[in-house]
Amino acid sequence: MQIQKAILHRIIKERNTSGASSTSTKKREACLKINDHLERTIEEILKIYTRSTNGYGTFNPNQTVHRFPVFLQDHVAEQINFIDFTRESTELIAAKMSDEAFATGGYVLFLRYANLGREWMLVAMLKLKPGTGVNEETLELSETLSFDIEHLHEAARVDLQKWRDDTQPYLPFIKKRQSGDQVSRYFREALGCTEYTDSKHHTGQTLDAFEDYCETNAWPPEQRHEGRRRVYEYYEAKNKADEPVNLTALSAIIDDQNPVAFSDFVRDNGYEIDETFKPHKTTYNRFKRISKTFGSVRVSFDVQDIWDGRVDYDEDNTCLVITNLPDELITEIRKHKPGDVDSTE
C-alpha cells in the first residue's frame, strides 16, 4: 500500500441535537505527514474496514443534490487540490449529520492511496475512546484518547478506476446493522451513495466465494456437494418467501462447525456481497442444475444425476455418458442415425 495523501477534519456535534446550528467544523490546513505512525494507523483502519464492509453501491446521478461525486471528480481531474476537496466534503457530511439527532461528531479521515495497481479514495468517520496511559518517568497514570478503530461504523471507499469506467459497484461501504443503520445513514447520504441492488451480481459472487472457500479449505467432493445442496435450499426458501438472503445466516448454513468462517472469508478476500440481498433464481440454480449449449445441442440435468450415476463424463473419449435412457428417446436416435435400419420396416 502506498499512501498518497491523508488528512483529518473534525466535526463537532452533541447527541440529541439537530438543526443547522448543531454542528460545527474544525479543519486542517495541511495534509498529515506520511510517517510510520500514520502508516500503522492506516493499515489498522483498512484491516477493520475490509472485515466490516457489508454494502456496495454507486453514486447517485443527481449531481445537483449530491455534490460529493462532483467534488471528487474535480479533484481527480486536478481542478481542485486534495485539501480543498476534503474541506468541502467535510461540510457536506456535517450538514447531513445535523439532520440526525442521535448522531455525534468525530474526525473525518480522507485517504487517497494505491494498492495492487489500483487507486482508492477512503472516507471514514473516526470516534475517540478514553484509555489509560503511563508517564515513563514518574510512572503516574493519566487519561488518554485514541481512535476507536475497532468500532468503525461509517466508512466508504471509491475504486477510482472502476468509477471512471462505470464498472458497478465501485463504492463499497460500512453500514450499521438493523436499528443502528438509521443513525449512520447521514454519512452515506452525504456521499451520495446509492446501494447496488443487482441480485444477479450478489448471488453470483456468493457462489464464486463458496467454490473458492471449498478449495481453500480442501473440502472433499462429498462435503462440497452437501454444501451446495444447503446453499441451494436456503436460497430457494428465501426466494419462495420473498425474503432477502442474509450473509451471516448463509455462513452458518455453509459451515455449521465454524459459523462465521465463510462470511469472514468473503470480507477478507474482497467479494462484493451485501449483508442482505435478493436471491437470483437463475444464478443459484447453478448449484442444482448443469445446463450447457454447444452448437445445436443443449444438455441440462441435475447435479444429483451425476452422484446417482445417471450422468457421467468419459475422460478417454471426452464424451458425455447418459444411462437409463427412455425407450422412446433410443428409438428416435436410432431412427435418425446414419446406417441404422428402422425396426418398423
Side-chain angles (χ1 to χ4, degrees), residues 1 3-11 13 25 32 38-60 66 68-69 71-72 75 82 85-86 88-97 100 102-115 118-129 146-160 162-163 169-178 180-196 247 263-264 266-276:
M1 178 195 65
I3 298 174
Q4 297 174 347
K5 295 181 177 67
I7 197 169
L8 272 176
H9 301 301
R10 185 184 179 190
I11 300 178
K13 182 182 181 297
T25 60
L32 296 168
L38 176 63
E39 289 178 351
R40 286 195 300 271
T41 302
I42 294 301
E43 286 176 0
E44 187 177 355
I45 289 172
L46 289 176
K47 180 180 178 181
I48 298 300
Y49 169 83
T50 300
R51 177 62 61 88
S52 303
T53 299
N54 57 359
Y56 295 85
T58 59
F59 288 131
N60 191 300
H66 302 283
F68 176 80
F71 296 154
L72 180 60
H75 167 59
F82 180 74
F85 155 66
T86 65
E88 293 282 3
S89 299
T90 298
E91 291 297 333
L92 292 177
I93 297 172
K96 285 295 183 181
M97 183 187 289
E100 179 50 57
F102 293 107
T104 57
Y107 297 81
V108 190
L109 170 69
F110 293 87
L111 169 69
R112 184 168 180 175
Y113 70 102
N115 189 32
R118 305 189 74 84
E119 276 195 288
W120 308 83
M121 181 69 74
L122 175 76
V123 185
M125 176 64 71
L126 304 175
K127 309 290 185 178
L128 295 178
K129 65 177 180 180
S146 61
F147 288 126
D148 189 6
I149 297 173
E150 287 290 333
H151 296 91
L152 184 63
H153 295 307
E154 295 138 338
R157 182 176 68 175
V158 185
D159 184 325
L160 295 178
K162 289 182 69 175
W163 174 46
Y170 48 74
L171 183 58
F173 56 85
I174 297 172
K175 61 178 179 179
K176 287 185 177 180
R177 290 172 171 81
Q178 298 176 352
D181 179 53
Q182 184 61 41
V183 178
S184 62
R185 189 185 300 272
Y186 76 88
F187 182 82
R188 300 194 302 278
E189 291 180 349
L191 301 187
C193 179
T194 301
E195 289 199 55
Y196 187 71
L247 182 60
S263 57
D264 286 348
V266 165
R267 300 306 178 211
D268 291 343
N269 290 278
Y271 294 97
E272 299 169 337
I273 304 172
D274 271 353
E275 178 64 23
T276 59

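Residue numbers start at 1 and run along the sequence shown.
The distance from the OH atom of Tyr56 to the CD atom of Glu272 is 6.0 Å, given to the nearest 0.5 Å. Atoms OG1 and CD1, from Thr90 and Ile7 in turn, are 8.0 Å apart once rounded to the nearest 0.5 Å. The distance from atom CD1 of Ile93 to atom CD of Glu88, rounded to the nearest 0.5 Å, is 12.0 Å. Summarising the geometry, atom CD1 belonging to Ile273 is positioned 12.0 Å from atom CG belonging to Asn54; distances are rounded to the nearest 0.5 Å.
Looking at every heavy atom in both residues, Ala155 comes nearest to Tyr49 through CB-CD1, 3.8 Å. When all heavy atoms of Pro172 and Thr53 are compared, the closest pair comes out as CB-CG2, 3.8 Å. Of all the heavy atoms in Arg188 and Ile174, the pair that sits closest is NH1-O, 4.4 Å. Annotation for Asp159 and Arg118: closest pair OD2-NE, 2.9 Å, computed over non-hydrogen atoms. Across every non-hydrogen atom of Leu111 and Phe82, the tightest pair is N-CZ, 4.5 Å. Nearest heavy-atom pair, Gly57 versus Phe173, reported as atom, atom and distance to 0.1 Å: N-CE2, 3.6 Å.
Counting only distance, with no hydrogens or angles, the side chain of Lys127 and the backbone of Ile149 share no donor-acceptor pair below 3.5 Å.
Counting non-hydrogen atoms of neighbouring residues, nucleotides and ligands closer than 6.0 angstrom, the NZ atom of Lys5 reaches no more than 12 such neighbours.
The side-chain contact (heavy atoms from CB on, under 4.5 Å) search around His153 returns His151, Lys176, not counting sequence neighbours. For Arg51, the side chain to side chain donor-acceptor pair (under 3.5 Å) test picks out Asp268, with sequence neighbours left out.
Lys129 has its side chain within reach of Ser146: a pair of non-hydrogen atoms, C-beta onward, lies under 4.5 Å apart. Looking at Met125 and Tyr186, their side chains come closer than 4.5 Å, going by heavy atoms from C-beta outward. Leu191 places none of its side-chain heavy atoms less than 4.5 Å from the side chain of Glu154. Taking the side chain as every heavy atom from C-beta outward, Ile11 and Val108 approach each other to under 4.5 Å. Within the 4.5 Å cutoff, side-chain heavy atoms of Met121 are placed close to those of Phe85. Within the 4.5 Å cutoff, no side-chain heavy atoms of Thr58 are placed close to those of Leu171. Arg157 has its side chain within reach of Tyr113: a pair of non-hydrogen atoms, C-beta onward, lies under 4.5 Å apart. You'll find the side chain of Lys96 stays beyond 4.5 Å of the side chain of Phe187, heavy atoms only.
In this structure, Tyr107 and Phe147 have perpendicular ring planes: the angle between them is above 60°, well past the 30° mark. Using the six-membered ring where Trp is involved, Phe59 and Trp163 have ring planes that are perpendicular, over 60° apart on the 30 and 60° scheme.
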Sequence neighbours excluded and cut-off under 3.5 Å, please list the side-chain donor-acceptor pairs for residues 39-48, or say none.
unit_1	atom_1	unit_2	atom_2	d
Thr41	OG1	His37	O	3.0

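Applying side-chain hydrogen bond (donor to acceptor under 3.5 Å, both in side chains) to Thr25 and the options Arg10, Glu91, Lys13 leaves one that passes, Glu91.
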* Would you sort out whether Leu126 and Leu152 count as a side-chain contact (heavy atoms from CB on, under 4.5 Å), showing the intermediate values? => CA-CA 7 Å; Leu126 304 175; Leu152 184 63; 3.8 Å; yes

